[in-house]
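Notes follow the structure.
Predicted model, so just to flag it, every value in this text is computed and none were measured.
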Amino acid sequence: MNDINTYITTPIYYLNGKPHLGHAYTTILGDILRRTFELRGENVFYTTGTDEHGQKNFDTIQKLNMTFEDYVKEYSQNFKNLFKKLGIDYDLFVQTSCPHHTKIVKQCLQRVYDNGLIIKKKYTGLYCKGCEQFKKESDLDENGCCPYHQEQPVEISEENYFLPLEPYREWLKEYIENNPDWIQPSSFRTEILNMLKQPLEDLCISRPKNRVHLGVEIPFDTDYITYIWFDALINYISSLDWPNNDTNMCKFWPNSIHIMAKDIIKPHCIYWPIMLKALGLLPPHRIMIHGFLVGEGGVKMSKSLGNVIDPEEMVDKIGADAFRFVLVNLMNKNSDTQVSENIIFNAYNRLANTFGNLYFRTCKLIEKFNEGIIPDIVLDSSDMQFVLSMAEKLKSVLLDTKNIYDIQSNTEVIFDISSKLNYYIDQKQPWNLAKDEARHDELLSTLYVLSEGVRMLGIAISPIMPSVSQKILTSLSFDMRESSIENMFTINTTKFRKIQAPEILFPRLCDKDTQAN
């Protein structure tokens, strides 16, 4: 374990619906980043969870005629079940209704209030229920609708508590300009800087109980509850038990990473750093933003169009590890990512025909031509250079990954090396080498190169496909635990390792899965 402590978060997700593909996508990206950093010896704390307050949850509870307790239990479990099925390994599942979180929200509110930073006033504005935010006219599309929810906001007039944002605008602009990597990728940094060219309206941080009673009670005025975003954003520090215990905050906050989709960048890149400033804290270290998952042709996914993809159903069809790999392989860094069942199945077949096929061929060749024993042989200069080149590229997959956008390029490295090794098999033709006793050493060298290539691929894929990685390494009698990355990618010298019978990693898709495409 090295001295680096890293804190990775996803947003906390609204409970008012079934977990969807976007939830899976963001949380998979965080999980892959976490596993990659841990392989490097970093100490990682990873959180995800559910947002259980606010207008949308309140409306859903009333519609379903459920108690709040039953609603939270059932709907939060849906997310836990999905994340378990996806192989997500988090350290803390946040729930905003838990006493620990609500206590800290009240402490933060009281602290900001005591510092004289909160005002009370009457306000009239356009409120989007989907975003749970007030909108400016400039935030709406040509039809006067929220561009993310395609609904017209409603005009609300009421008295509330506000945190003025304008006094912090120049500070925030300067912070973003002086920290060019704070918001990634740069296109979203530009978007936020453009927002900061205009004066910022005060942030409403309360809701009257007579309109919405589901939330954290304002400690200095019990007629109000806390606005959903002020409540939800606090989870990033309540998870570290701030302000009650500085230990975890000092340990993890300096290298904190928030991962999210692009629709919530304003609360995270404007509201949140200003809230932290008001609390006397620094902004998070990095904010990493990804685009939406959309249907083929860039069309928004909707039930009416029949292009919605259920992540649980897709896992049932192609397996969790393949689904994880395919989803991140399709990622576009600077734009939305087009996804459909047909696109996913094509990407799955590519994975099966390159990497899956390579693994199975390699094991079968070693079984057939060397009794299942990985050869112990000195490589010639050409084969040695080939293996060393693969080792450097695959090692860099783990050592050079810095953000969620590197993950997609890592999957292409996996494809590239798998293709090279499949080509190596076709060129060497070990079935012909086996017919010529004079070329026996060349046959053994070929088998060894293949076993090392597959072994190192098995290590490199472990953050993305942990179960498949374990199957491969187990079948090659290799244990990567308690070993540094440098040692993992050193040519292995263990003698007479016997492989186990391989299994098909990515079975052929059933006709019923693909017939609609």
Quick one: side chains of residues 79-89, donor-acceptor pairs under 3.5 Å with protein atoms, not counting sequence neighbours, listed by atom name and distance.
residue, atom, partner, partner atom, Å
Lys80, NZ, Gln95, OE1, 3.4
Asn81, OD1, Gln77, NE2, 2.9
Asn81, ND2, Gln77, O, 3.3
Lys85, NZ, Asp316, OD1, 2.8
Lys85, NZ, Asp316, OD2, 3.4

Please list, one pair per line, the donor and acceptor atoms closer than 3.5 Å that link side chains of residues 233-241 to other protein atoms, with sequence neighbours excluded.
residue, atom, partner, partner atom, Å
Asn235, ND2, Ala232, O, 2.8
Tyr236, OH, His268, NE2, 2.8
Ser238, OG, His101, ND1, 2.9
Ser238, OG, Asn235, O, 3.3
Ser239, OG, Asn235, O, 2.7

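Salt bridge status for Arg35 with Asp31: present, with a side-chain N to carboxylate O gap under 4.0 Å. The pair Glu313-Lys18 does not count as a salt bridge, with every side-chain nitrogen at least 4.0 angstrom from each carboxylate oxygen. No salt bridge links Lys262 with Glu191; every basic N to acidic carboxylate O contact stays at or beyond 4.0 Å. For the pair Glu38 and Arg34, the salt-bridge criterion is met [side-chain N within less than 4.0 Å of a carboxylate O]. Ion pairing between a basic and an acidic side chain is recognised when a charged N comes within 4.0 Å of a carboxylate O; Glu158 and Arg211 show such pairing.
Ser206 approaches Asn160 most closely through the heavy-atom pair OG-OD1, 2.7 Å.
Under the 6.0 Å distance and 45° angle rule, Lys120 does not count as a cation-pi partner of Phe162. Cation-pi geometry between Lys277 and Tyr168 is not satisfied (NZ or CZ under 6.0 Å from the ring centre, within 45° of the ring normal). Annotation: cation-pi geometry not satisfied between Arg207 and Tyr224 (NZ/CZ under 6.0 angstrom from ring centroid, within 45° of ring axis).
Under the 6.0 Å cut-off for aromatic ring centres, Trp182 and Tyr175 qualify, their centroids lying closer than that.
When side chains are defined from C-beta on, Ile12 does not count as touching Thr48, because their heavy atoms never get closer than 4.5 Å.
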